[in-house]
Amino acid sequence: MRSSNPVFSRRGFSRGEGYAGFGGQPQAQGAPQAGGNPYAGTNPYAGTNPYAGTTNPYDTTYQAPPAAAVQTGRMTMDDVVMRTAMTLGTVVLGALVAWFVLPVSEKSYGLAIGASLVALVLGLIQSFKREASPALILGYAVFEGVFLGVWSKILNFMWPGIPLQAVLGTMAVFVGMLVAYRTRLIRVTARYTRIGMAIAIGFVILMFVNLIAALIGGGDGLGLRSGALGIVVGVIGIALGAFFLSLDFKQIEDGIQYGAPRQESWLAAFGLTLSLVWIYLEMLRLIAILRGDD
């Protein structure tokens, strides 16, 4: 269920035709899988799964006896953490430059839109590429950071302190989802993924319709970003961001277990950054509504 959309794409690590069995035992797609793999037979990533194939593609690539991931050039959790820190650090740096250096005022909407469009283009290009491009990912992070910095400062003029509240809320969601995933309170199964993606696609379509209505008729369009309805929509948006995080955690876990190349840790960092940016923006909107109906 890979999408070229940088928000919904769950960034498969490479492409293939089947799905390798869980726990390093490759199996044909649809066959019973060891370890209770939730994707058995109904894999949502069928046809684009990074670990697809009747045999693990990384086993034949390395042709070596068991060895540490560092020795074989495979992705490790340290790689993911380091690349994610670099990507998120670049976003934060871009936001700080926009906040403290650029001449941002209450009406700097053009600057915010321009930076967001560049970030969108770079994100789309990376989503279409077969391999991770650190330059594209970091370039996206720079412009996304500028957009977030400008937009956050604009909202801060109206509701002082709102960016800090949104940051704390985003961190809380991330930690909560990480704990829920690690303790298996949330299990990323095929059914879970299908339902979540259906809701996410419907949400984006509805937001797009609301945007068109706002551009044509002015105001808040269909009224989905204000009042009680806006609060409900904001909560759903944050919940979807948490859902995206759970998919990212699953892909990272699978990538490490199946021996994905170290370069693919950039895709993991890209996915986590997209999800966190989504949550932060939805958190900003929700807090803005709660603090003063816009």
Side-chain angles (χ1 to χ4, degrees), residues 7 84-120 123 140-180 203-204 207 210-211 214 218-246 248 269 272-294:
V7 173
T84 302
M86 292 174 62
T87 305
L88 287 176
T90 303
V91 172
V92 172
L93 181 61
L96 291 175
V97 169
W99 187 285
F100 292 107
V101 178
L102 298 181
V104 178
S105 67
E106 297 92 330
K107 299 182 179 180
S108 299
Y109 298 108
L111 182 59
I113 293 173
S116 67
L117 288 177
V118 175
L120 175 62
Y140 157 83
V142 169
F143 286 97
E144 190 67 50
V146 171
F147 162 66
L148 293 178
V150 173
W151 185 241
S152 297
K153 194 168 185 179
I154 291 174
L155 295 182
N156 192 65
F157 284 122
M158 295 182 281
W159 300 287
I162 189 174
L164 178 59
Q165 294 173 336
V167 168
L168 293 176
T170 302
M171 292 174 59
V173 173
F174 176 82
V175 172
M177 283 302 300
L178 182 59
V179 171
F203 182 87
V204 169
M207 292 304 100
N210 185 69
L211 175 62
D220 187 34
L222 303 178
L224 300 180
R225 288 301 188 180
S226 61
L229 184 57
I231 294 175
V232 173
V233 171
V235 171
I236 293 174
I238 294 171
L240 286 174
F243 163 74
F244 295 148
L245 280 178
S246 68
D248 292 327
L272 287 171
T273 301
L274 289 171
S275 298
L276 290 172
V277 167
W278 172 289
I279 295 171
Y280 176 76
L281 289 173
E282 290 298 324
M283 195 71 70
L284 274 177
R285 293 189 182 103
L286 178 60
I287 297 173
I289 295 172
L290 293 174
R291 290 189 54 176
D293 191 15
D294 58 356

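Quick note: numbers below take in every heavy atom, side chains included, and nothing from hydrogens, waters or symmetry partners. All residue numbers refer to positions in the sequence shown, counting from 1.
Taking every heavy atom of both residues into account, I287 and I162 meet most closely at CG2-CG1, 3.7 Å. Counting all heavy atoms, side chain and backbone alike, T170 lies closest to Y280 at OG1-CA, 3.3 Å. The two residues N210 and L222 have their closest heavy-atom pair at OD1-N, 2.8 Å. Between A269 and T87, the shortest heavy-atom distance links the atoms CB-OG1, 3.7 Å. W99 approaches K153 most closely through the heavy-atom pair O-NZ, 2.7 Å. When every heavy atom of A242 is checked against every heavy atom of V173, the shortest pair comes out as CB-CG1, 4.0 Å.
Classified by interplanar angle (parallel below 30°, tilted 30° to 60°, perpendicular above 60°), the ring pair F244/W278 is perpendicular.
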Criterion side-chain contact (heavy atoms from CB on, under 4.5 Å) on Q165 and M283, from CA distance to verdict: CA-CA 8 Å; Q165 294 173 336; M283 195 71 70; over 6 Å; no

Do V235 and L286 pass the side-chain contact (heavy atoms from CB on, under 4.5 Å) test, and can you show the C-alpha distance, the side-chain angles, and the key distance before you say yes or no? CA-CA 7 Å; V235 171; L286 178 60; 4.2 Å; yes

For T273 and T90, what are the C-alpha separation, side-chain angles and deciding distance, and is it a side-chain contact (heavy atoms from CB on, under 4.5 Å)? CA-CA 10 Å; T273 301; T90 303; over 6 Å; no

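Atom CZ of F147 is surrounded by more than 12 heavy atoms from other residues, nucleotides or ligands within 6.0 Å. Annotation: M171, atom CE; neighbour count of heavy atoms from other residues, nucleotides and ligands within 6.0 Å does not exceed 12.
The line from CD1 of I154 to CG of L284 is 11.5 Å long, rounded to the nearest 0.5 Å. Atom CG of L245 and atom CG of L276 lie 5.5 Å apart (nearest 0.5 Å). Going from atom CD1 of I238 over to atom CD1 of I279 covers 8.0 Å, rounded to the nearest 0.5 Å. Atom-to-atom distance recorded for W151:CH2 and L281:CG is 9.5 Å, nearest 0.5 angstrom.
Counting heavy atoms from C-beta outward, P163 and L155 have side chains that stay 4.5 Å or more apart. Proximity of L290 to I231: side-chain heavy atoms (C-beta onward) are separated by under 4.5 Å at one or more points. In this structure, E144 and L274 have side chains that are not in contact, with every pair of non-hydrogen atoms separated by 4.5 Å or more. When side chains are defined from C-beta on, V233 counts as touching F203, because their heavy atoms get closer than 4.5 Å.
The closest donor-acceptor contact from the side chain of S246 to the backbone of F243 lies under 3.5 Å. Here the side chain of W159 pairs no donor or acceptor atom with the backbone of I289 at under 3.5 angstrom. Within the 3.5 Å criterion, the main-chain N or O of P160 finds a donor-acceptor partner in the side chain of R291.
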